[in-house]
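Report on one structure; see the data block that follows.
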Amino acid sequence: MKRFVFPILFCILSISLFSQTTGKISTSVNYQTGNTEQTSITGRLDLDTKFSNEIESNLNLQTNYGEQFGRVFDRIYKGSFELDVDADDFYPLLFVSAENNVNRKIDLRFNGGDGFGYADDKIGVDSKTSVMLLWEYSDMVGIEPISKPMVSFRTRLKKKLESGMSTRLVLLMQKYLTGDVYRMTSTFSMSYPVYKSLSFLFTAEHRYETVQVQGVKPNDFSTMFGLEFGI
């Protein structure tokens with residue numbers, strides 16, 4: 001994974017040079033049940049960059065780490081990058097993501113492709129829905145690497161309440177075009193301002209995916225409590 005560190009840092013530095021970049025940094029204690037029952041530390045970086053009135057991007061990075069009695073039982077490196085063109089109503093987009101996950105025995109999972117999205121905020125909720133065709137390379141412990149096309153559906157809903165609290169719901173479903181392998185992830189997060197740019201953060205996530213690796217269960221559920229800082 002070291003060979004991915006410098007490209008990721010370069011992306012962060014390059015995007016931060018633009019004046020219209022906003023984002024959030026968060027750190028949380030993560031309690032997870034499913035494949036194993038464990039507590040670990042989670043760190044996240046979420047950057048939104050507006051290059052022009054028509055082009056904007058999102059960079060999301062996450063890492064988990066947990067160790068007990070000298071044994072690492074949870075280590076995740078995960079990131080995604082999305083580029084939207086004219087993000088009003090229907091718009092084209094590009095998407096790439098990568099993941100390394102010790103707990104789920106994923107050495108490397110990479111997918112990328114393009115598709116179309118639809119944005120709407122007419123009912124008081126900031127919503128984005130996308131359909132993408134991706135190509136995925138998945139290398140998991142104990143099985144042959146998989147390289148296949150997949151279809152991805154994603155819906156993201158955001159709303160800011162009068163109290164200053166913000167809520168966010170993301171639903172994701174991905175399926176290989178051939179075979180029965182698919183995954184579904186639902187993530188709900190809520191942040192409440194504490195002081196200036198500092199907020200209390202709560203996140204709940206459920207992940208289900210059909211797997212072929214011995215010792216990896218299909219379900220994971222995690223809750224995260226922590227702090228979030230706006231930049």
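Under the 4.5 Å side-chain heavy-atom criterion for grouping Ile, Leu, Val, Met, Phe, Trp and Tyr, Val141 is not connected to Val102 through any hydrophobic cluster. Hydrophobic clustering, with ILVMFWY side chains joined whenever heavy atoms are under 4.5 angstrom apart, groups Leu83 together with Leu59. Using a 4.5 Å cut-off between side-chain heavy atoms of Ile, Leu, Val, Met, Phe, Trp and Tyr, with links allowed through other members, Tyr192 and Leu157 fall into the same hydrophobic cluster. Clustering ILVMFWY residues whenever any of their side-chain heavy atoms sit less than 4.5 angstrom apart, transitively, puts Met165 in the very cluster that holds Val194. Residues Leu133 and Phe153 are members of one and the same hydrophobic cluster, defined by side-chain heavy-atom contacts under 4.5 angstrom among Ile, Leu, Val, Met, Phe, Trp and Tyr.
At a threshold of 4.0 Å, the pair Arg156-Glu82 does not count as salt-bridged, since none of the basic side-chain nitrogens sits closer than that to a carboxylate oxygen. In summary, Glu99 and Arg183 do not engage in a salt bridge, as defined by a charged side-chain N under 4.0 Å from a carboxylate O. Taking 4.0 Å as the cut-off between side-chain N and carboxylate O, Arg207 and Glu205 do not count as a salt-bridged pair.
Put simply, OH on Tyr77 and CG on Asn64 are 10.5 Å apart, with the number rounded to the nearest 0.5 Å. Rounding to the nearest 0.5 Å gives a distance of 8.5 Å between CG of Asn111 and CZ of Arg109. How far CE of Met173 is from CE of Met184: 7.0 Å, rounded to the nearest 0.5 Å. Taking CG from Leu198 and OG from Ser191, the interatomic distance works out to 10.5 Å, rounded to the nearest 0.5 Å. Atom CG of residue Asn100 and atom CD1 of residue Ile76 lie 9.0 Å apart, to the nearest 0.5 angstrom.
Here the closest heavy-atom approach between residue Ser163 and residue Pro193 is recorded as O-CG, 4.3 Å. In this structure, Asp114 and Leu134 approach most closely via the heavy-atom pair N-CD2, 4.5 Å. In terms of heavy-atom proximity, Tyr91 sits nearest to Tyr118 at CE2-N, 3.6 Å. Across every non-hydrogen atom of Val125 and Lys158, the tightest pair is CG1-O, 3.5 Å. Ser147 and Trp135 make their closest contact through OG-NE1, 2.7 Å (heavy atoms, listed as atom of the first residue, atom of the second, distance). Residue Tyr176 comes nearest to Glu136 through the heavy atom pair OH-OE2, 2.5 Å, listed as atom of the first residue, atom of the second, then distance.
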Which atom pairs, one a donor and one an acceptor, fall under 3.5 Å between side chains of residues 217-231 and the rest of the protein, sequence neighbours left out?
residue	atom	partner	partner atom	Å
Asn219	OD1	His206	NE2	2.8
Asp220	OD1	Asn35	N	3.0
Asp220	OD2	Arg104	NH1	2.5

Is there a side-chain contact (heavy atoms from CB on, under 4.5 Å) between Lys148 and Val181 once you walk through the steps? CA-CA 11 Å; Lys148 288 186 177 182; Val181 176; over 6 Å; no
